[in-house]
Amino acid sequence: MAGVMPRLAAPPFEPGTVWLVGAGPGDPGLLTLHAAHALAEADVVLHDALVSPDILGMAVRARLEPVGKRAGGQRTLQLRINERLIRLAREGRRVVRLKGGDPLVFGRGGEEALALAAAGVRFRIVPGVSAGVGGTAAAGIPVTHRGLARSVAFVTGHDAGGGFPADLDWQALAQGADVLVLYMGLRTIGAIAARLLAAGRPATEPVAFVTNATTPRQRVAVTTLADAETTAATIAPHAPTVIMVGPVVALRELIGPWQDTAPMVVTPAPRRATA
Ligand code: SAH
């Protein structure tokens, strides 16, 4: 890439601050320039399980601290992450909190920002390409499309306890949004599809499952609302998957075959002194 990039003046990553950074859905090429800069400068990176090793490899001088949600009770863990961020900042580190996709889309980045604000720690939020937009695009499916879909709802398929979020207004979602993009919905899609059908969405409405989007392991399964649960059962239960319900899914047939999706390849730079 040398020679083609203009010179960029990144804002300084001050010691004692935290950057809440979106890593995008997987392809390192979907990082923002702010994210790449933050990774290069960071002393410590607290990262989720979903972030790819290629992207972590860009943090050449940082200590990596995995803080995956699967490691324990979610509530306690979030508190501990908040405390850890505050503590590292107070020690004068440049701290990156790296999350898959966008940090403020089903990523609890807002809670971390609130905790940092309450503790008087300066921070910066670096948005990322959310799986519901970048992952669906990688499958060749536009989230909106003139004449087909003028509204889109991003919806969680899980409640805080990991079950079907029965308290969401599924009737309103079914009737109010042309396209539904479901995060964390693989295990609850049966119940979700039943609610959407009951609210009047057609049984033949196309549904796409996009798994490991923008990575070399990306898989796309297209089905219908009536068959969504059966299709979900063919996908590994923990594989990150966005589910898209709506007429736009039909465009994949026309767009997908012509689309190049090779991810950017990272050649790790030699590691520099750790903090
Ligand atoms: N902050 C993230 C979402 C975190 S919730 C974002 O903005 O994308 C975790 C869910 O995101 C997963 O259950 C899955 O639904 C979705 N997801 C994240 N990365 C994905 C990927 N590479 N492919 C498909 N879905 C993904």
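Just so you know, ligand 1 is whichever comes first in the structure, and atom 1 is the first atom listed for that ligand.
Atom CD of E229 is surrounded by 12 or fewer heavy atoms from other residues, nucleotides or ligands within 6.0 Å. The local environment of NE2 in H34 is sparse, with at most 12 non-hydrogen atoms from other residues, nucleotides or ligands closer than 6.0 Å. In the displayed structure, E65 atom CD is contacted under 6.0 Å by more than 12 heavy atoms of other residues, nucleotides or ligands.
At a 4.0 Å heavy-atom cut-off, ligand 1 touches N212 through the backbone alone. Residue contacts with ligand 1, taken as heavy atom pairs separated by less than 4.0 Å, involve T241 solely via the backbone atoms N, CA, C and O.
In this structure, the ring of F13 has its center less than 6.0 angstrom from the ring center of W19.
For the pair T214 and ligand 1, no heavy-atom separation below 4.0 Å is found. At least one heavy atom of G100 sits less than 4.0 Å from an atom of ligand 1.
For the pair A213 and ligand 1, the shortest N or O to N or O distance falls below 3.5 Å.
In this structure, the protein non-hydrogen atom closest to atom 11 (O) of ligand 1 is Y183 CD2, 3.5 Å. The protein heavy-atom contact nearest to atom 19 (N) of ligand 1 is A131 CB, 3.8 Å.
The hydrophobic clustering, which links ILVMFWY residues whose side-chain heavy atoms are closer than 4.5 Å, places W170 and L197 together.
For the residue pair T241 and Y183, no side-chain donor N or O sits within less than 3.5 Å of a side-chain acceptor on the partner.
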